[in-house]
Every structure is written in structure tokens, then in C-alpha cells.
Amino acid sequence: MSSALTDLFPHPIVQAPMAGGPSGPQLAAAVSDAGGLGFLAAGYKTADGMYQEIKQLRGLTGRPFGVNVFVPQPENAESGAVDLYAQQLAGEATWYDTELGDREHGRDDGYDAKLAVLLDDPVPAVSFHFGVPAREVVDSLHRAGTFVLVTATTVEEALAVERSGADAVIAQGVEAGGHQGSHRNAVAHDGAGIGVLSLVAQVREATGVPVVAAGGIMRGGQIAAVLAAGASAAQLGTAFLATPESGAHALHKQALTDPLFTHTELTRAFSGRQARGLVNRFLREHGPYAPAAYPEVHHLTAPLRRAAAKAGDPQGMALWAGQGHRMARALPAGQLVEVLVAELGAAATALSARSAFGGDPR
Ligand SMILES: Cc1cc2nc3c(=O)[nH]c(=O)nc-3n(C[C@H](O)[C@H](O)[C@H](O)COP(=O)(O)O)c2cc1C
């Protein structure tokens, strides 16, 4: 059996895995060294690319860390819709002087090969996004001594995570930046997202597994709030995006606090799956009709996003961000962990002072 969550790292702070470049070995090492749990993102990487990062991270820190894996997606029934979307994006390809990507690029993200690496040379923690791994996968990771976490966005999904035998559920609220880790890419569920505080409390009541809260958490006071709601730790993505150790594009980092970007929305425009990003031109123009086809749309738009970044145009990039983006701080990641821990302590002190007044200090 794997160790308890709190045995892995002293502070209740998990640095969210962020595929596409932001969370590499430097960021994960800085967070783990500071007493949080750093994470590598294996999404969009080959099994070998993932393994190279694991080895690099081990050279940077002796502290525990995690690796995040995308669960393979079922065949999508909307290939006609992808063709239509490709036609609708033709003008973007002309504008950015590039071609659309290969939508048949592959569906499973190298899942089996990545699991084989993680079983062959185990890491302290593995988390899964976009679905629930098979019971045998969880069991074999446990035999390897690995702590297993799985994202859920609803109570029903959290119950499925519990049935899988996983050690913890990551309760991802609708505020979260990047992709919602919903177990199905169902349009029928759009707009039904639950806020993190409510989700944590509901998952705690419905399941017996420890909960890690994710979504919109930028300050230690918010960590105190999710712990009070029953979480064992908080997982922060956007808060770590702006740190110097984050590999996010400089324009992405700047955009988080740029008053030009006033708010975020969930969109399928860039990947075909619901993900929260800063509202920019591409999201506004294509979000309303982008099909529920992941990862086809992700591969289709990849060259557009790359070309926009190369051209220095944030209006064509996927600027993933949670609802708390304007509170991002460009502190070194280890220092950010320290500040969050101090804020958490201050919030706990304020709460106990409040209860000394019978809960009403007026
Ligand atoms: C840029 C970015 C990339 C992300 N990529 C992943 C990923 O690869 N795997 C994953 O499990 N979650 C991913 N997420 C979601 C986070 O795990 C987490 O749910 C989210 O960051 C929490 O919300 P916050 O960004 O408001 O803190 C990503 C989030 C962001 C902002």
C-alpha cells in the first residue's frame, strides 16, 4: 500500500501538472524543495520525453514529486464536425502563414508506454486526468509503492475514482485554469460546472477518499478555506504559471495580469475539450462553434498556436488561466510556496481569533 498524502510533503500545496511546457523539472524541483509537491506533466509528451524529465528532476531534488498522465479518450463520433472546423480555421492558417495540424495524430497519448516506464522505475505519486485508470493499473502502481490521484469534476466522477482504488481524488472546480478533467467530453454537461468549495464539501460527504482541491486558488487564505471544507491539500496551477521556473511562454505570463485580458471562459476552441483560458480573439471567434472532438482539435490548432506565439500575438495563443489569474505573482516558486504557507498560517490565526468572539467579532 502507498503512503499517506501528508507523508509525501509537509505543506498542503500541490503544484498542478501543466502540460504544454509550464511545469518542467525546474518548477517541480523548486516546489518540492520548498515542501510542496511538485508535478511533471506527461501530457503531449512521448514516454521517453517523460522519462528524460523524471531523470532530470531526480538530479535536481531528492524530495517526493508526481507525474501526471492523460487517460486515453474514447473514439469521437464527430469527424464530420472536425472537417467543418478545419474549414472554419482556414483563414487562421492563411493569416499565420502556416498549415493546420494533423488531426489523426494519435488518440492515446502513449498511455501504455508511459505506464510501463512508471512501473519499471516508480515515482512517488502519479495523477490521472480526463478519466479513471483501470483497477489493475491502480493496483500495479500501488504494488510499485506509488500514491495514485485522479481528477474528478463532479460527485459522480469522485465516486468512480473511489471505486478505482485510487488514494486521493483531485476535486477540480469550474474555476480551474486549463482543461477540465471531466471523465467524458460531453456537451450536455457544459455549464454544469461546480465551484471548488462546494465540490470539495460534496465529495467529502459522498466518498471516503482524501481530497485535493483545485480551481482558482491563488492565496493562502483560499487554501485555508478548502482545508476547512475538508480537503487535505490544494492544487494550484495558475499561481505557479507566472513564476520564473515556469516554462510558460513570456506572453502567457504577461497576459495573466494584463488589464487587456479581463476574464476567462471555458472553451473548446483550441483543443476540442473544455478548458479555461483568458478570453482573446481566437477564443471569442471560434469558441462558439468548436466541436467536442479531443484530441483532434488540439492537433489541428497546434501549428496555429505555435505560429501565433512565434509572431508575438497572444490573441491566437491558448492562454490557459484560472479565474484567479489577476492575483498571479511572479515570485520564485519556492518563495511562492513560503508566502502561501505564511498566508495559510495567518488565515488560521484569524479564524481562531474570530471563534474566540463566538464567531461574530462585531
Ligand atoms: C496551463 C495549464 C495547463 C494544465 N495542464 C494540466 C495537465 O496537463 N494535467 C492536469 O491534470 N491538469 C492540468 N491543468 C489543470 C490543473 O491541474 C488544475 O486543475 C488547475 O490549474 C487549477 O486551477 P488554477 O489554475 O486556477 O489553480 C492545467 C492548468 C493550466 C493552467
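Residue numbers start at 1 and run along the sequence shown. One-based numbering, in listed order, for ligands and for the atoms of each. This one's a predicted model, so the numbers in the text were calculated from it and none came from an experiment.
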Step-by-step side-chain hydrogen bond (donor to acceptor under 3.5 Å, both in side chains) determination, H286 to E92: CA-CA 10 Å; H286 304 295; E92 297 281 351; 2.6 Å; yes
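Listed here is the closest heavy atom pair of R58 and D121: NH1-OD2, 3.0 Å.
Aromatic ring orientation, Y44 versus F70: perpendicular (interplanar angle above 60°, classes split at 30° and 60°).
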Indicate every side-chain donor-acceptor pair of residues 10-19 with a distance under 3.5 Å to a residue at least two apart or in another chain.
from	atom 1	to	atom 2	distance (Å)
Q15	OE1	F39	N	2.9
Q15	NE2	F39	O	3.1

Just list the side-chain donor-acceptor pairs under 3.5 Å for residues 224-241, sequence neighbours left out, or say none.
from	atom 1	to	atom 2	distance (Å)
T238	OG1	G322	N	2.8

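Between the side chains of Q274 and H189, no donor-acceptor pair of N or O atoms lies under 3.5 Å. For the residue pair D83 / Q87, no side-chain donor-acceptor distance below 3.5 Å is found, with atom types taken as modelled. Side-chain contact of R276 with Q180: a donor-acceptor pair under 3.5 Å is absent, judged by distance alone. Between the side chains of H298 and R305, a donor-acceptor pair is found at a separation under 3.5 Å. No side-chain donor-acceptor contact under 3.5 Å links E136 and S140.
With hydrogens left out, the protein atom closest to atom 7 (C) of ligand 1 is P17 O, 3.3 Å, a heavy atom. In this structure, the protein non-hydrogen atom closest to atom 17 (O) of ligand 1 is Q235 NE2, 3.0 Å. The protein atom (non-hydrogen) at minimum distance from atom 4 (C) of ligand 1 is M18 CA, 3.4 Å. Ranking the protein heavy atoms by distance from atom 26 (O) of ligand 1 puts G216 N, 2.7 Å first. From the protein, the heavy atom lying nearest to atom 1 (C) of ligand 1 is W320 CB, 3.6 Å. Atom 19 (O) of ligand 1 has Q172 NE2, 2.9 Å as its closest protein atom, hydrogens excluded (heavy atom only).
Not a single N or O atom of H179, backbone or side chain, sits closer than 3.5 Å to an N or O atom of ligand 1. Between T151 and ligand 1, no N or O atom pair is found at a separation short of 3.5 Å. The N/O atoms of G237, backbone and side chain alike, include one that comes under 3.5 Å of an N/O atom in ligand 1. Considering backbone and side-chain atoms alike, T238 places an N or O below 3.5 Å from some N or O of ligand 1. Annotation: N68 places an N or O atom under 3.5 Å from an N or O atom of ligand 1; distance criterion only. Taking distance alone, with nitrogen or oxygen atoms compared against 3.5 Å, H252 stays at or beyond that limit from ligand 1. No N or O atom of L241 sits closer than 3.5 Å to an N or O atom of ligand 1.
Of the listed options A42, A16, G177, G177 places a heavy atom closest to atom 15 (C) of ligand 1.
Ligand 1 is never approached by F128 to a heavy-atom distance shorter than 4.0 Å.
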